[in-house]
Amino acid sequence: MSLVLDPAAQDLLFREARTANAFSEEPVTEEQVQAIYDLVKFGPTAFNQTPLRITLVRSPEARERLVKHMATGNDAKTATAPLVAILSADNEFHEELPQLLPHFPQAKDAFFSERPVREQSALLNSALQAAYFIIGIRAAGLAAGPMTGADFGGIQKEFLDADHTPIMVINIGKPAAEGAWFDRSPRLAFDEVITTV
């Protein structure tokens with residue numbers, strides 16, 4: 001065995017974990033979301049930046065506003081999931097760098113004074129954080145249904161502002177007893193991905 005992580009945890013986080021398409025009616029609590037965030041906030045990012053912003057869509061009115069922006073096929077899943085999160089990148093993340101990078105507070109101006117540079121960095125690092133968030137959802141014994149099939153321009157206007165770029169929508173909850181999963185699709189093998197130089 002080359003991995004230190006317990007095989008049951010490996011299954012929970014990766015081998016047996018799946019993208020959920022249907023959920024039970026069991027609610028996802030604020031305490032669960034807090035525990036997930038408190039775990040995954042330690043994932044590495046460049047300059048320790050934290051551009052990910054998470055908007056929890058809980059009210060029926062907000063859910064209805066979101067569903068109209070989801071692509072066909074994603075709309076019904078989003079309408080019925082116990083909890084939905086809009087993940088976005090804060091393009092003004094650099095304002096927090098003096099707090100998050102106290103040994104190098106000048107990074108804010110030295111590297112991120114220009115908006116296009118910030119947008120590129122925010123997109124990459126919030127995507128990293130989104131991946132950690134999905135693993136955290138699985139670690140909580142829940143299933144995640146991440147989706148990028150949506151009108152993100154509409155979602156931005158409906159829920160965010162010009163400084164926040166939506167990157168994905170995630171349905172969250174306990175998987176339904178039936179119909180939660182599609183068959184697992186193939187993955188590339190080690191030799192198709194790994195090159196040693």
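Starting from 1, each residue takes its place in the sequence as its number.
Between P175 and A143, the shortest heavy-atom contact is CD-CB, 4.0 Å. The minimum heavy-atom distance between N125 and A46, with the atom names listed, is OD1-N, 2.9 Å. Of all non-hydrogen atoms in V28 and G173, the two that sit nearest each other are CG2-CA, 3.7 Å. Across G145 and T19, no two heavy atoms sit closer than the pair CA-CG2, 3.9 Å. Closest non-hydrogen pair, A130 versus M168, comes out as CB-CE, 3.9 Å. Minimum interatomic distance between A122 and A89 (heavy atoms only, all atoms of both residues): O-CB, 3.7 Å.
No single ILVMFWY cluster, assembled from side-chain heavy atoms under 4.5 Å apart, contains both F42 and Y132. Cluster annotation: I86 and Y37 are assigned to distinct hydrophobic clusters (Ile/Leu/Val/Met/Phe/Trp/Tyr, side-chain heavy-atom contacts under 4.5 Å, transitive). I167 and I172 fall within a single hydrophobic cluster, where Ile, Leu, Val, Met, Phe, Trp and Tyr are joined by side-chain heavy atoms under 4.5 Å apart, directly or via other members. Cluster annotation: L13 and V33 are assigned to distinct hydrophobic clusters (Ile/Leu/Val/Met/Phe/Trp/Tyr, side-chain heavy-atom contacts under 4.5 Å, transitive). By the rule that hydrophobic residues join a cluster once side-chain heavy atoms approach within less than 4.5 Å of another member, L83 and V169 end up as members of separate clusters.
Within the 4.5 Å cutoff, no side-chain heavy atoms of Q129 are placed close to those of V40.
For the atom pair CG (L66) and CG (D151), the distance works out to 10.5 Å, reported to the nearest 0.5 Å. T55 OG1 to I155 CD1: the interatomic distance, rounded to the nearest 0.5 Å, is 10.5 Å. The OG1 atom of T78 sits 11.0 Å away from atom CD1 of I170, with the distance rounded to the nearest 0.5 Å. For the atom pair K68 NZ and E158 CD, the distance stands at 4.0 Å (nearest 0.5 Å). Atom CG of residue L100 and atom NZ of residue K108 lie 12.5 Å apart, to the nearest 0.5 angstrom. In this structure, CZ in F14 is found 8.0 Å from CG in L5, a value given to the nearest 0.5 Å.
By the side chain to side chain contact (heavy atoms under 4.5 Å, CB included) test, I54 is found to be paired with L52, L56, A85, L87, F133, residues two or more places apart in sequence or in another chain being considered. In this structure, the side-chain hydrogen bond (donor to acceptor under 3.5 Å, both in side chains) partners of E30, at least two apart in sequence or on a different chain, are R58. For D6, the side chain to side chain contact (heavy atoms under 4.5 Å, CB included) partners are A8, A9, not counting sequence neighbours. Judged as a side-chain hydrogen bond (donor to acceptor under 3.5 Å, both in side chains), and not counting sequence neighbours, R138 has no contacts. Among residues two or more places apart in sequence or in another chain, the side chain to side chain contact (heavy atoms under 4.5 Å, CB included) test is passed with A81 by F23, R63, V84, N171. The side-chain hydrogen bond (donor to acceptor under 3.5 Å, both in side chains) test applied to K174 returns no partner, not counting sequence neighbours. Residues satisfying the side-chain hydrogen bond (donor to acceptor under 3.5 Å, both in side chains) criterion with E61, sequence neighbours excluded, are R65. For K157, there are no side chain to side chain contact (heavy atoms under 4.5 Å, CB included) partners, not counting sequence neighbours.
The stretch residues 152-180 participates, sequence neighbours left out, in no ring pair (Phe, Tyr, Trp, His ring centres under 6.0 Å) pair at all. Each salt bridge (charged side-chain N to carboxylate O under 4.0 Å, His left out) pair with one or both residues in residues 123-135, not counting sequence neighbours, would appear here, but there are none.
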K41/T50 under side-chain contact (heavy atoms from CB on, under 4.5 Å): CA gap, chis, key distance, verdict: CA-CA 8 Å; K41 68 183 179 184; T50 308; over 6 Å; no
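No side-chain donor-acceptor contact under 3.5 Å links Q99 to the backbone of E96. Between the Q156 side chain and the D161 main chain, a donor and an acceptor come within less than 3.5 Å of each other.
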Name each donor-acceptor pair under 3.5 Å that joins a side chain in residues 110-119 to protein atoms two or more places apart or in another chain, with its distance.
from: R115; atom 1: NE; to: E119; atom 2: OE2; distance (Å): 2.8
from: R115; atom 1: NH1; to: E92; atom 2: OE2; distance (Å): 3.0
from: R115; atom 1: NH1; to: D163; atom 2: OD1; distance (Å): 2.8
from: R115; atom 1: NH2; to: A162; atom 2: O; distance (Å): 3.0
from: R118; atom 1: NE; to: N91; atom 2: O; distance (Å): 3.0
from: R118; atom 1: NE; to: H94; atom 2: ND1; distance (Å): 3.4
from: R118; atom 1: NH1; to: F112; atom 2: O; distance (Å): 3.0
from: R118; atom 1: NH1; to: S113; atom 2: O; distance (Å): 3.2
from: R118; atom 1: NH2; to: E92; atom 2: OE2; distance (Å): 2.9

N/O donor-acceptor pairs under 3.5 Å from side chains in residues 178-189, not counting sequence neighbours:
from: R184; atom 1: NH2; to: R15; atom 2: O; distance (Å): 2.6
from: R184; atom 1: NH2; to: A17; atom 2: O; distance (Å): 3.0
from: R187; atom 1: NH1; to: S185; atom 2: O; distance (Å): 3.0

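Heavy-atom contacts from other residues, nucleotides or ligands closer than 6.0 Å to CD of E95 number more than 12.
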